[in-house]
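Notes follow once the structure below has been shown.
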Amino acid sequence: SGISCTLAVLTLPPLAAKIERKVTAMFGVDPTQQTAFSTHMLLGATHDLLQSDAIVARIDGNEAEYLRGAVYDRFDGNGWTTTSEGRTRATLPAAARGTTHMTLDTSAPTGSDDLRWFLPPNACGFDHDIEVDFFGVARRASGDRELSYATSGCTPAKVRPPTATDLDVQASLAATIAPLAAQWTADATTEKAKLKRISDELAKFDYSLDVPRTPGVSPIIDFLTIHKAGHCEYFASTMVLMARTQGIHARVIGGFRVSEVN
């Protein structure tokens, strides 16, 4: 049992309700870039990216709320990594042309590790061959900026089932996180109820892009027990790690939230 890998994305809105609608970018690595995605995401690296209102893509067709760009399953204390298991790719051959068309803007990431499509989890029926990794992240070739796809009538790429990695929490973090998560979920009897309890408690924290971190203290512990304020990646990371201490498989997802509809 366990939750799907959309845990972090699906729980972000209530946790970051104060974020402005124009702030759509969620995760990145290089703080000097406006839009960036990679197989690594350092805590605190998205400060500038979260303030960007650059248009990354336009979608013509069926509306989509969340567009997946990266999935992270291993936390090293300072940031997240997509393990080699998740990076393994398979080619999805072209199928019937879909009714939804995506055009990436020139501001879309172009680094060697950033060439990916930002698609809803139910995307399928692509108009040309694409590669999809085991976590459901679609990769694109250099210069490829247009893609048509469907959201029904076909089968999306399979996402790798939960593994032991999706329960891993460093012992130094678990010593603080596990007792608090157990306290918050004491009266919950199902995984869904436990996640709701954790989400409700984290929703009491403040959303902020500028929070000083205590030297020598894990940024997650600092967020959870000292300042109790931070931005998206802190809420998502804490949510996932606390869920893991309760035996719930969880991963962090980075991507875009569609905030403007014409």
Side-chain angles (χ1 to χ4, degrees), residues 5-6 8-9 23-42 45-50 52-61 64-74 79-95 97-98 100-151 154 156-160 232-233 236 251-259:
C5 68
T6 54
V9 169
V23 180
T24 58
M26 292 162 59
F27 292 99
V29 173
D30 185 351
T32 66
Q33 297 184 28
Q34 291 301 301
T35 55
F37 287 82
S38 175
T39 50
H40 303 278
M41 189 271 289
L42 299 176
T46 66
H47 180 278
D48 294 336
L49 179 134
L50 286 166
S52 170
D53 60 358
I55 294 176
V56 174
R58 300 180 188 276
I59 301 175
D60 233 347
E65 185 174 6
Y66 296 107
L67 305 177
R68 179 178 302 175
V71 178
Y72 306 102
D73 58 337
R74 178 164 292 156
W80 289 89
T81 301
T82 304
T83 57
S84 57
E85 293 85 354
R87 293 197 300 269
T88 304
R89 305 180 192 178
T91 299
L92 291 185
R97 185 179 179 85
T100 299
H101 187 76
M102 171 175 283
T103 303
L104 293 179
D105 193 84
T106 55
S107 62
T110 57
S112 60
D113 194 26
D114 303 325
L115 290 171
R116 43 192 89 197
W117 293 103
F118 304 101
L119 301 174
N122 60 339
C124 55
F126 306 103
D127 66 338
H128 60 269
D129 293 1
I130 66 170
E131 289 188 331
V132 179
D133 68 27
F134 279 9
F135 285 164
V137 177
R139 306 302 181 111
R140 61 188 173 92
S142 179
D144 195 2
R145 295 189 178 278
E146 296 191 24
L147 179 70
S148 290
Y149 61 89
T151 53
C154 50
K158 292 183 179 180
V159 175
R160 186 182 181 89
C232 298
E233 62 199 56
R251 300 166 185 156
V252 165
I253 291 185
F256 292 99
R257 183 181 182 196
V258 180
S259 60

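Contact annotation: the side chain of Asp144 approaches that of Trp117 to within less than 4.5 Å [non-hydrogen atoms, C-beta and beyond]. Residues Pro120 and Leu67 are in side-chain contact: their nearest non-hydrogen atoms beyond the backbone lie under 4.5 Å apart. At a threshold of 4.5 Å between non-hydrogen side-chain atoms, the residues Val258 and Glu65 do not count as touching.
Aromatic ring orientation, Phe118 versus Phe256: perpendicular (interplanar angle above 60°, classes split at 30° and 60°).
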### Verdict with reasoning, Arg160 to Val71, per side-chain contact (heavy atoms from CB on, under 4.5 Å)
CA-CA 11 Å; Arg160 186 182 181 89; Val71 178; over 6 Å; no
### Task
Might you work through the side-chain contact (heavy atoms from CB on, under 4.5 Å) test for Tyr149 and Ile59, ending with a clear yes or no?
CA-CA 10 Å; Tyr149 61 89; Ile59 301 175; 3.9 Å; yes
### Query
Asp73 and Thr83: side-chain hydrogen bond (donor to acceptor under 3.5 Å, both in side chains), yes or no, with the steps?
CA-CA 7 Å; Asp73 58 337; Thr83 57; 2.6 Å; yes
### Task
Any chance you could lay out the side-chain contact (heavy atoms from CB on, under 4.5 Å) test for Ile130 and Arg140, step after step, and finish with the verdict?
CA-CA 6 Å; Ile130 66 170; Arg140 61 188 173 92; over 6 Å; no
### Task
Test Glu131 against Thr91 for side-chain contact (heavy atoms from CB on, under 4.5 Å), laying out the working first.
CA-CA 4 Å; Glu131 289 188 331; Thr91 299; 3.9 Å; yes
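A donor-acceptor pair under 3.5 Å is formed between the side chain of Arg116 and the backbone N or O of Gly69. Put simply, the side chain of Arg145 gets close to the backbone of Asp105: a donor and an acceptor are under 3.5 Å apart. With hydrogens and angles ignored, the 3.5 Å screen pairs a side-chain donor or acceptor of Asp129 with a backbone N or O of Ala94. In this structure a side-chain-to-backbone donor-acceptor pair under 3.5 Å is present from Arg87 to Thr82.
Across Pro121 and Pro156, no two heavy atoms sit closer than the pair O-CB, 3.6 Å. In plain terms, the two heavy atoms of Leu119 and Ala138 that are nearest each other are CD1-CB, 3.7 Å. Ala157 approaches Val132 most closely through the heavy-atom pair CB-CG1, 3.7 Å. Closest approach of Ser148 to Gly98, counting heavy atoms only: CB-O, 4.0 Å.
Separation of atoms OG1 (Thr100) and CG (Asp127) is listed at 11.5 Å; rounding is to 0.5 Å. The distance from atom CG of Leu104 to atom CD1 of Ile55, rounded to the nearest 0.5 Å, is 12.5 Å. The CE atom of Met41 lies 5.0 Å from the CD atom of Glu233; values are rounded to the nearest 0.5 Å. Distance check: Thr39 OG1 to Trp80 CH2 gives 14.5 Å after rounding to the nearest 0.5 Å. Atom CZ of residue Arg74 and atom OG1 of residue Thr81 lie 8.0 Å apart, to the nearest 0.5 angstrom. Distance check: Arg68 CZ to Asn122 CG gives 10.0 Å after rounding to the nearest 0.5 Å.
Residue Asp60 places its CG atom among 12 or fewer non-hydrogen atoms of other residues, nucleotides or ligands, all under 6.0 Å distant.
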